[in-house]
Amino acid sequence: MNHNNRGMRSSSNLGAKGEVNLINLSLNFLIISFLFSVNILGQFGNALSLSVLAVMALRSTTGALKALCMLGLIIMGNPFIAEKTLILTYFRFPLLALAGARILFDVFSKRPDVMKVSYLNGLLLFGFVCVLIAPINGYFTGVAVLKAGMFTFGVYAILSGTLMGRSGGPDLTGWFIAMMAFIVIGTIMTIPLGVSHIFRGENLGFGGAGGLSGVTTHQQTLGSFGAICAVFCFTVGVFAKIPHRWIPLTLFVLFLPIVWMTKSRTAFGTLVLSISFIIAVAPVVLKGRASSFRRFNIGKWIAGIACLVVVGFAADLATGGRINGKLMGFAFKGRLGSHYTVSAEEITSSRIGLVERSWYIFLEHPVTGINFGTSLSPGFVMNATLLSAPTEKGFLPTAILEETGVVGTTFFLIFIFLAMYRLYSDENIIGLSLLVAFLIQNLGEMMFFSLGGAGLFCWSVVAAGIAVGYSHQFRGRIQST
């Protein structure tokens with residue numbers, strides 16, 4: 001395929017589809033709101049929501065991708081808004097299988113060339129290695145095989161489905177912008193409803209201990225979702241050639257206080273590092289003639305950031321150091337007194353135990369690890385089943401070493417390298433930025449392989465960024481109407 005034509009479609013298609021217009025965005029917002037909030041009705045709500053998602057998945061690849069994204073949000077939804085019963089527990093995986101099968105049917109029948117994409121083959125190879133070493137390790141073999149198979153199948157379906165958009169396939173831009181709007185508006189609405197701060201199923205009330213959880217089940221979940229959604233909105237607003245770009249840019253601004261109120265250092269760090277990455281690499285990535293985007297002016301961004309730093313410093317002086325105190329209190333999760341010393345150990349104290357444990361286990365099982373998606377913790381050993389076997393690792397590099405050893409980690413790195421190199425070669429700055437943001441996020445809040453939880457939603461956003469990059473990044477500019 002000619003490099004200059006990758007991902008390019010005529011601008012008339014966009015106007016015909018009307019994916020990014022106020023009416024379409026409003027309709028998508030209402031559909032998302034209904035599918036989420038109907039779960040408050042318990043088993044009936046779960047059954048109705050999953051039934052609608054199943055119909056969406058069966059209708060088309062576009063519907064299947066929408067259903068997977070929606071399923072990920074419902075699974076991690078605020079229990080006082082989206083109740084989760086046994087119906088959701090038992091049928092979330094069949095729905096994932098149904099949606100994935102529908103996507104792969106279209107890929108095999110309509111776009112077999114997608115199967116030649118290097119990083120998709122790298123993903124298959126990684127999954128195959130994880131399944132192969134599972135019986136060799138012999139530790140929770142069934143759980144490891146099921147998790148590795150589900151991760152590989154689900155992510156392969158999501159990524160291949162969005163890649164179909166490079167030549168007239170599904171355009172999900174309007175759906176995902178509406179999804180971002182729902183998370184922002186829904187989170188704001190949880191405050192007057194009195195269900196904005198949830199921890200382990202308990203309503204702490206606004207202003208109680210812990211951070212904002214909004215439409216999700218936990219402050220860390222909202223932080224993770226908010227950070228990657230903010231990066232999506234920023235990149236789409238800056239780089240995509242769509243009407244009404246002010247909408248994603250406005251949503252990006254609204255996500256900033258939401259991320260701050262979650263008190264999630266991982267989310268805040270992800271947001272800062274991801275935006276810094278975009279500013280630094282955009283001039284390098286957008287180098288070829290295929291991109292009609294005006295050269296990314298890094299000088300203006302640096303100047304703007306410098307001005308914000310100066311204003312912030314002046315404001316801190318004017319308020320007697322209150323801003324600095326708030327920032328340090330955030331970094332140390334409120335454990336500071338009137339005097340403090342900066343300690344890297346204290347900053348990382350909430351994760352260092354998990355990291356050290358994973359590292360020690362890797363040293364004991366360096367070749368093939370203990371098995372994909374498993375843990376040696378007593379809680380996992382006692383409670384892990386084929387339907388539910390959650391683990392808490394907290395740090396992707398040591399987690400993948402612990403679970404798959406040097407062998408599996410090598411193939412994982414090949415998959416990541418191929419994906420990043422392909423997006424870089426295609427000048428897809430939106431998709432590359434989302435993938436990098438997701439990787440950064442997993443340095444503090446591990447969900448990379450969790451397709452039965454938060455990972456499903458995050459992978460959907462990453463794939464949406466890739467699709468939007470191919471569909472809209474290389475267009476001529478379209479005027480808002």
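We count residues from 1, following the sequence as given. Reckoned from all heavy atoms, side chains included, excluding hydrogens, waters and symmetry mates.
The aromatic ring centroids of F252 and F232 lie 6.0 Å or more from each other. Taking the ring centroids of F415 and Y119, they lie at or beyond the 6.0 Å cut-off.
No side-chain donor-acceptor contact under 3.5 Å links N28 to the backbone of A178. Between the side chain of H218 and the backbone N or O of Q220 there is at least one donor-acceptor pair closer than 3.5 Å. A donor-acceptor contact shorter than 3.5 Å is absent between the side chain of N121 and the backbone of S118. No donor-acceptor distance shorter than 3.5 angstrom exists from the side chain of S49 to the backbone of G45, with no hydrogens or angles considered. A donor-acceptor pair under 3.5 Å is formed between the side chain of T262 and the backbone N or O of V259. In this structure, N78 contributes its side chain and T217 its backbone to no donor-acceptor pair below 3.5 Å. Looking only at distances, a side-chain donor or acceptor of N21 sits under 3.5 Å from a matching main-chain atom of I23. N371 places a side-chain N or O within donor-acceptor distance of the main-chain N or O of A134, the cut-off being under 3.5 Å. A donor-acceptor pair under 3.5 Å links the side-chain atoms of S160 to the main chain of A157, judged by distance alone. The main-chain N or O of I158 is found under 3.5 Å from a side-chain atom of T162 such that the two form a donor-acceptor pair.
Residues A454 and M447 approach most closely at CB-SD, 3.7 Å, considering heavy atoms. Nearest heavy-atom pair, V184 versus I258, reported as atom, atom and distance to 0.1 Å: CA-CD1, 4.0 Å. Looking at every heavy atom in both residues, T152 comes nearest to G127 through OG1-CA, 3.2 Å. A pairwise comparison of heavy atoms in A230 and F255 identifies CB-CB, 3.7 Å as the closest pair. Taking every heavy atom of both residues into account, V381 and L376 meet most closely at CG2-O, 4.1 Å. The two atoms that bring R102 and A57 nearest to each other are CG-O, 2.8 Å, heavy atoms only.
Checked by atom type, the side-chain pair T266/S264 shows no donor-acceptor distance below 3.5 Å.
Taking 4.5 Å as the limit, every side-chain heavy atom of T368 sits out of range of all side-chain heavy atoms of T404. Taking 4.5 Å as the limit, every side-chain heavy atom of F34 sits out of range of all side-chain heavy atoms of F29. Side-chain contact between I31 and W175 is present, with heavy atoms from C-beta onward closer than 4.5 Å. Using a 4.5 Å heavy-atom threshold, the side chains of N428 and V285 count as separate. Looking only at side-chain heavy atoms (C-beta outward), F176 and V236 stay at 4.5 Å or farther from each other. Contact annotation: the side chain of R111 never approaches that of D106 to less than 4.5 Å [non-hydrogen atoms, C-beta and beyond]. A 4.5 Å side-chain heavy-atom check between I87 and L50 finds at least one atom pair inside the cut-off. Using a 4.5 Å cut-off on side-chain heavy atoms (C-beta onward), Q441 and I228 make contact.
Counted within 6.0 Å of CZ on F93, heavy atoms from surrounding residues, nucleotides or ligands total more than 12; the atom is thus considered enclosed. Other residues, nucleotides and ligands place more than 12 heavy atoms under 6.0 Å from the CZ atom of F108.
The one candidate from F151, W459, F438 that meets the ring pair (Phe, Tyr, Trp, His ring centres under 6.0 Å) condition with F449 is F151. With E403 as reference, K393 is the one residue of H365, K147, K393 to meet the side-chain hydrogen bond (donor to acceptor under 3.5 Å, both in side chains) rule.
F395 contributes atom CZ, which lies 9.5 Å from atom OG of S358 (distance to the nearest 0.5 angstrom). Atom OG of residue S460 and atom CE of residue M70 lie 11.0 Å apart, to the nearest 0.5 angstrom. The structure places CZ of F182 at 8.0 Å from OG1 of T187, a figure rounded to the nearest 0.5 Å. In this structure, the separation between CD1 on I74 and SG on C69 is 10.0 Å, given to the nearest 0.5 Å. If you take CG on L125 and CG on L132, they are separated by 10.5 Å, rounding to the nearest 0.5 Å. Expressed to the nearest 0.5 Å, how far CD1 of I183 lies from CG of L254 amounts to 12.5 Å.
The aromatic rings of F362 and W359 are tilted relative to each other, their planes meeting at an angle between 30° and 60°.
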Trace of the side chain to side chain contact (heavy atoms under 4.5 Å, CB included) decision for T235 with I429: CA-CA 8 Å; T235 52; I429 185 64; 5.9 Å; no

Chi angles and distances behind the ring pair (Phe, Tyr, Trp, His ring centres under 6.0 Å) call for F448, F412: CA-CA 12 Å; F448 197 87; F412 174 76; 5.5 Å; yes

Stepwise side chain to side chain contact (heavy atoms under 4.5 Å, CB included) check, M56 with L53: CA-CA 5 Å; M56 291 171 58; L53 293 180; 4.0 Å; yes

Worked check of side chain to side chain contact (heavy atoms under 4.5 Å, CB included) between I466 and L434: CA-CA 8 Å; I466 296 174; L434 266 296; over 6 Å; no

Criterion side chain to side chain contact (heavy atoms under 4.5 Å, CB included) on L41 and L48, from CA distance to verdict: CA-CA 9 Å; L41 300 178; L48 178 59; 5.8 Å; no

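Taking 4.0 Å as the cut-off between side-chain N and carboxylate O, R357 and E402 do not count as a salt-bridged pair.
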